[in-house]
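Accompanying notes for the structure given below.
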Amino acid sequence: IGFCLNRLPFCCCLTRMNLYDVGEAVDKAVGMMSSLWSELEAREKQITETELRLSQIESVHEAKRKTEVKFAQQETAFNKHQHEFGKSATEQRNGDGSDSDSPLIRLNVGGTVFTTTKSTLMMSPDSFFSGMVSSGVWEPDTETGEYFIDRDPQFFKEILNYLRQGKLDGNLYGLIT
């Protein structure tokens with residue numbers, strides 16, 4: 001017993017040291033778990049943000065695809081109308097249905113009639129006239145055969161000359177500011 005008693009304080013000391021070490025190890029483990037939990041939450045947040053961005057990108061790609069499909073349909077319709085317009089305009093101008101490179105087109109601009117060719121109006125591919133002529137939507141008046149443009153005719157001659165010659169000349173006072 002004396003042997004045990006002599007060792008008892010040492011055993012208690014070891015036990016206390018071990019409990020202290022265990023407590024420290026538990027605190028360290030809890031700290032590590034807390035750190036891992038925070039890292040897990042941060043990664044979950046990143047995943048959620050990435051999924052949201054991916055969803056947005058997929059939406060953009062789907063909208064782009066739909067736009068491309070719609071554009072292709074409109075382009076097909078445009079080409080169909082362009083072909084039909086050219087044919088009907090030729091038939092109207094020539095009377096016999098024979099094809100001509102530049103059928104005459106009569107434009108009624110604010111009450112003044114101008115005569116030009118389809119090819120002149122198509123000279124500037126991105127212009128209002130090119131779009132209207134090739135769209136097939138712009139139809140001539142059934143009685144007069146004239147295309148009506150509700151604008152002041154004062155400078156229209158200069159616009160036609162620009163389309164014909166590719167340069168501006170003449171009196172443009174008031175047209176260009």
- Does the separation of the ring centres of Phe129 and Phe156 fall below 6.0 angstrom? yes

- Message: Regarding Ser127 and Ser130, do their side chains bring together a donor and an acceptor under 3.5 Å, going by distance alone?
- Response: no

- Would you say Phe148 and Val133 are hydrophobically clustered, going by side-chain heavy atoms of ILVMFWY under 4.5 Å? no

- Item | Path from Ile159 to Phe128 over hydrophobic side-chain contacts below 4.5 Å | yes

- Message: Please determine whether a side-chain nitrogen of the Lys or Arg among Arg65 and Glu62 lies less than 4.0 Å from a carboxylate oxygen of the Asp or Glu.
- Response: yes

Name every donor-acceptor pair, under 3.5 Å, that has one atom in a side chain of residues 24-32 and the other anywhere in the protein, sequence neighbours excluded.
from	atom 1	to	atom 2	distance (Å)
Glu24	OE2	Tyr20	OH	3.2

- Output for pair (Glu39 CD, Gln46 CD), nearest 0.5 Å, gives 9.5 Å

- From His61 NE2 over to Gln56 CD, what is the distance, rounded to the nearest 0.5 angstrom? 12.0 Å

- Message: Between Thr144 and Arg106, does the side chain to side chain contact (heavy atoms under 4.5 Å, CB included) criterion hold? Intermediate values first, please.
- Response: CA-CA 9 Å; Thr144 64; Arg106 291 170 44 96; 5.7 Å; no

- Note on the structure: Heavy-atom closest pair (Phe114 atom, Lys157 atom, distance to 0.1 Å) is CE2-N, 3.9 Å

- Item | Distance-minimising heavy-atom pair for Val109 and Pro153 | O-CB, 3.2 Å

- Member of Leu163, Leu104, Leu107 meeting the side chain to side chain contact (heavy atoms under 4.5 Å, CB included) criterion with Thr116: Leu107

- Message: Working note: Glu41 + Lys45, criterion salt bridge (Lys or Arg N to Asp or Glu O under 4.0 Å); need CA distance, chi angles, decisive distance, verdict.
- Response: CA-CA 6 Å; Glu41 287 177 335; Lys45 183 178 177 183; over 6 Å; no

- Residues clustered with Trp37, ILVMFWY side-chain links under 4.5 angstrom: Leu40

- Message: The test is side-chain hydrogen bond (donor to acceptor under 3.5 Å, both in side chains); show your working for Thr120 and Thr117 and say whether it passes.
- Response: CA-CA 5 Å; Thr120 296; Thr117 61; 2.8 Å; yes

